[in-house]
Amino acid sequence: MPRRSPRLRPPRGRREQAAAAAVACAGLWLLAKMATATWQAAVRTWPLLALLAALALGYAAWRFSREVRARKVRTETLARLRITLAQLDAMDDRDFEFALRDLLLRDGWNARQVGRQGDQAADVIGEDRQRGRIVLQAKHTTVAGKVGSSVMYQVKGTAGPVHGANTAVVVTNGSFTRDAKTWGERHQVHWVDRDRLRQWAEHGTPLQDLLRLPTARKTAFRWAA
C-alpha cells in the first residue's frame with residue numbers, strides 16, 4: 001500500500017503549546033527585524049536613489065530638448081534654403097555641384113562634393129542611416145540642353161562597383177532624351193530633369209520623397225547590366 005504523507009497535528013498539552021507559541025514569537029521577531037533592517041537601509045540609501053532618479057529625469061529632459069532643437073533647426077534650414085531655377089541656371093558646373101550638395105544636406109543626408117577630374121561619374125555623395133549611400137552625377141547645361149543615354153551608362157557602371165552606392169541619380173537643369181529616361185528607369189538609374197529640379201530645389205520637396213527612394217534594406221540595386 002502507498003505510504004500516506006504525514007499530517008501536522010495541533011499541539012497537545014501545555015508544553016507543546018508553549019513551544020509552538022515560542023516558535024511563532026521567534027518568527028514574528030525575525031520578520032520585525034527584517035522589516036526594520038529594510039526600512040533602515042531605505043532611509044540610508046534614499047539620497048542616492050533620489051539622485052539617480054533626478055539624473056535619469058535630467059537625461060530624459062536633455063534628450064527631449066535636444067530633439068526639439070534639432071527639429072527646429074531642420075525646419076528653419078528647410079524654410080531658409082530655396083534655390084530657384086534661375087539661380088541654378090546662372091551657376092557654373094562647380095557651383096551647381098555644391099548647390100546639389102547643400103540640397104542633400106537640407107534633406108538630412110550627410111553629403112559632400114567630390115566632383116573633379118577623374119571622379120568616375122560621381123559629383124556628390126550622400127550618406128543616410130536609413131537609405132544608405134547615394135551618388136549624384138551633375139549635368140549643368142543650357143535650358144534647352146538634353147542629357148543622353150551615354151551618361152546613364154557611365155553612372156550605371158560606376159555607382160555601385162566603384163562608389164558602393166545604393167542609389168544613383170543624374171541631375172540636370174536641362175532635360176533628358178526619351179531613351180535616357182527609359183534606360184534609366186529600366187536599370188535603376190534615377191533622373192532629375194528641370195521640372196523635378198524645381199520641385200526639389202525651389203519648392204522644397206526632399207529628394208527621397210521626390211524619387212520615392214526605399215530604405216537601404218529594401219533596395220535591390222542590380223548593378224550588372
Is there a path from Leu136 to Leu210 through hydrophobic residues (I, L, V, M, F, W, Y) whose side chains come within less than 4.5 Å of each other? yes
Ignoring hydrogens, what is the shortest heavy-atom contact between Trp109 and Gln208? Give both atom names and the distance. NE1-OE1, 2.9 Å
So does Lys181 have more than 12 non-hydrogen atoms from other groups sitting under 6.0 Å from NZ? yes
Measure the shortest side-chain to side-chain distance between Val170 and His190 over non-hydrogen atoms and say whether it is less than 4.5 angstrom. no
For a 4.5 angstrom cut-off between non-hydrogen side-chain atoms, does Leu103 reach Leu81? yes
Given side chains that start at C-beta, do those of Asp89 and Val143 come closer than 4.5 Å, heavy atoms only? yes
Arg133 and Ile125, any side-chain heavy atoms less than 4.5 Å apart: yes
Would a distance-only check, ignoring hydrogens and angles, find a side-chain to backbone donor-acceptor pair under 3.5 Å from Asp107 to Leu207? yes
For the pair Trp183 and Tyr153, name the ring-plane relationship: parallel under 30°, tilted 30 to 60°, perpendicular over 60°. perpendicular
Non-hydrogen side-chain atoms of Leu88 and Leu197 separated by less than 4.5 Å: yes
Heavy-atom closest pair, residues Arg196 and Val192: CB-CG1, 3.7 Å
Is Met91 close to Glu97 at the side-chain level, that is, under 4.5 Å between some pair of heavy atoms? no
Search all heavy atoms of Ala168 against all heavy atoms of Ala159 and return the closest pair with its distance. CB-CB, 3.6 Å
Side-chain donor or acceptor of His187 paired with backbone N/O of Met152 under 3.5 Å: no
Any idea which heavy atoms bring Thr158 and Ala121 closest together, and the distance? OG1-CB, 3.4 Å
Is Gln154 reaching over with its side chain to a backbone N or O of Val151, donor-acceptor style, under 3.5 angstrom? no
Considering only heavy atoms from C-beta outward, does the side chain of Leu100 approach that of Phe96 to under 4.5 Å? yes
Considering non-hydrogen atoms only, spot the tightest contact between Ala165 and Val135 and give its length. CB-CG2, 3.6 Å
Please lay out, stage by stage, how Thr205 and Trp200 fare under the test side chain to side chain contact (heavy atoms under 4.5 Å, CB included). CA-CA 5 Å; Thr205 303; Trp200 181 26; 5.7 Å; no
Ile134: which of Leu211, Leu104, Asp128, Asn166 passes side chain to side chain contact (heavy atoms under 4.5 Å, CB included): Leu104
Looking at Trp62, is its backbone amide N or carbonyl O close enough to the side chain of Ser65 to form a donor-acceptor pair, meaning the two atoms are under 3.5 Å apart? yes
Checking the side chain of Asn110 only, and the main-chain atoms of Gly126 only, is there a donor and an acceptor separated by less than 3.5 Å? no
Non-hydrogen side-chain atoms of Gln137 and Val171 separated by less than 4.5 Å: no
So which atom in Thr167 and which in Leu213 form the shortest heavy-atom distance, rounded to 0.1 Å? CG2-CD2, 3.7 Å
